[in-house]
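The sequence lines fix the lettering, A, B, ..., with proteins before strands; numbering per chain opens at 1.
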There are 2 protein chains.
Amino acid sequence: MIDAAERKEPMDEGVSLGGLETTVGFVLRLAQVAVFKDLLSALKPFDLRVTDLSVLLVIEATPGLQQRAIGDVLRIQRPNLVTIIDQLEARGLVRRGPVPADRRAYALSLTVEGEALLQQAKRAHAQHDRKVLDALGDLDKERMLAALERIAAL
Amino acid sequence: MIDAAERKEPMDEGVSLGGLETTVGFVLRLAQVAVFKDLLSALKPFDLRVTDLSVLLVIEATPGLQQRAIGDVLRIQRPNLVTIIDQLEARGLVRRGPVPADRRAYALSLTVEGEALLQQAKRAHAQHDRKVLDALGDLDKERMLAALERIAAL
DNA sequence: CGCATTTTGTTATGAGTACTAATTATTTCA
DNA sequence: TGAAATAATTAGTACTCATAACAAAATGCG
């Protein structure tokens with residue numbers, strides 16, 4: 001396959017984006033897609049998607065959490081979280097334990113296998129995150145995060 | 001529906017995200033989702049999706065462009081662009097004209113209706129963009145764009 | 001020129017993600 | 001106790017994104 005950068009005739013570099021290229025929203029999307037693609041490939045060896053990693057991280061941080069709580073903080077709809085947990089449970093990474101006070105809910109926790117895999121995945125994630133931070137250049141992380149959080153609260 | 005912020009018992013604010021909240025990638029995603037949601041609702045009156053607007057903007061900037069070129073700059077796969085143009089053409093907003101030198105391709109241009117609708121949509125878009133820029137706070141747009149572009153080039 | 005290769009747009013199709021409505025079991029509360 | 005709310009689930013849907021294969025036309029090289 002021939003990359004656009006080395007094609008002969010059309011020379012797409014000259015095509016105007018109609019002002020889109022100086023728009024925060026548009027570039028924000030390009031950046032987000034790139035970050036997710038990079039992280040996804042970094043997690044490939046562990047057969048984890050980005051969402052899987054985030055779920056595992058939250059469970060690790062607070063074992064005993066219920067599905068609803070995880071969905072809330074990660075902005076995952078409850079029905080969607082069900083299948084995610086289903087898969088992680090089927091792989092023996094996560095356990096659906098009983099909640100003493102509530103027989104409807106499950107107390108989620110990592111199995112030893114889940115904990116072990118997560119440790120590996122965390123190293124890959126840290127490596128990925130380093131790349132992202134390097135790309136920030138002179139812009140310090142704190143100001144970037146603050147700005148992004150304000151945008152997220154639109 | 002009850003918002004999480006005003007629910008009584010669980011108090012999700014205390015749930016740890018396991019370090020995710022200080023990750024550029026995660027917050028980047030939240031920001032991007034928020035921006036798209038805001039822009040989508042701003043474009044609702046014109047029955048345009050975000051992608052539709054970007055396509056119209058590119059065509060306006062360079063009339064006579066072929067589908068392939070638009071897909072390249074906007075990162076839209078050719079098959080997907082076909083249906084997008086189909087819809088815009090069916091609504092009378094875009095015209096598929098002949099390319100003198102190439103009978104396979106179409107020279108895309110805006111109709112008068114398309115031009116008129118785009119002008120309105122651009123005002124809505126400008127209003128939305130103003131909100132995003134305000135959210136940047138002390139961070140100047142140029143540095144933000146530069147950082148995002150470097151991330152997008154990961 | 002003539003024939004293989006490439007390119008444009010198209011169709012069909014599948015994977016992945018995300019959303020809504022409705023159901024069951026359980027808990028909460030008036 | 002009975003009504004309403006909640007946790008998880010199921011089923012169905014919609015939207016985005018990607019790939020493969022195709023016809024028509026253009027390109028290019030012998």
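For A/R143 and A/D138, the salt-bridge test fails: no basic side-chain N is under 4.0 Å from an acidic carboxylate O. Under the 4.0 Å criterion applied to side-chain N and carboxylate O atoms, A/R91 and A/E113 are not assigned as salt-bridge partners.
Judged by closest nucleotide on DNA chain D, A/A107 is the one of A/R29 and A/A107 placed further toward the 5' end. Nearest-nucleotide positions on DNA chain C for A/A101 and B/L65 put B/L65 closer to the 5' end.
Residue B/D102 has its side chain nearest to D/dA26 when only D/dA26, D/dT9, D/dA7 are considered. When distances are taken from the side chain of B/R78 to each of C/dT10, C/dA18, D/dT9, the shortest belongs to C/dT10. Among the nucleotides C/dT8, C/dA12, D/dT10, the one closest to any side-chain atom of B/P79 is C/dA12. Of the candidates C/dT10, D/dT6, D/dT9, the closest approach to any side-chain atom of A/V82 belongs to D/dT9. Here C/dT7 is the nucleotide among C/dT7, D/dC17, D/dA8 with the atom lying nearest to any side-chain atom of B/R104.
Atom CG in B/L40 sits about 14 Å away from atom C1' in C/dC19, given to the nearest Å. A/R96 has its CZ atom 15 Å from the P atom of D/dA7, to the nearest Å. Here the C1' atom of nucleotide D/dA8 and the CG atom of A/N80 are 13 Å apart, to the nearest Å. At whole-Å resolution of the value, CD1 in A/I70 and C1' in D/dT9 are 16 Å apart. Rounded to an integer number of Å, the gap from A/D86 CG to C/dT17 C1' is 16 Å. Residue B/Q87 contributes atom CD, which lies 10 Å from atom P of D/dC15 at whole-angstrom precision. Residue B/I76 contributes atom CD1, which lies 13 Å from atom P of C/dG9 at whole-angstrom precision. The CD1-C1' distance, from A/I84 to D/dA8, rounds to 14 Å in whole Å.
Of the side-chain N and O atoms in A/R49, one or more sit less than 4.0 angstrom from OP1 or OP2 of C/dT17. Distances shown here put every side-chain N or O of A/Q67 at or beyond 4.0 Å from the OP1 or OP2 atom of D/dA7. Of the side-chain N and O atoms in B/R103, none sit less than 4.0 angstrom from OP1 or OP2 of D/dT27. The side chain of B/R68 contributes an N or O atom lying less than 4.0 Å from OP1 or OP2 of C/dT8. OP1 or OP2 of C/dA18 has not a single side-chain nitrogen or oxygen of A/Q77 nearer than 4.0 Å.
Between B/V35 and B/H128 the shortest side-chain heavy-atom distance falls below 4.5 Å.
Under a 3.5 Å cut-off, the side chain of A/T22 and the backbone N or O of A/G19 do form a donor-acceptor pair.
No engagement by B/R75 is indicated, since no non-hydrogen atom pair under 4.0 Å with the nucleic acid exists.
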### Message
Could you go through A/L17 and B/L57, starting from their C-alpha distance and side-chain angles, then the distance that decides it, and tell me whether this counts as side-chain contact (heavy atoms from CB on, under 4.5 Å)?
### Response
CA-CA 7 Å; A/L17 277 161; B/L57 285 172; over 6 Å; no
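For the side chain to side chain contact (heavy atoms under 4.5 Å, CB included) with A/V82, the qualifying choice from A/I84, A/D86, A/N80, A/I85 is A/D86, the only one to do so.
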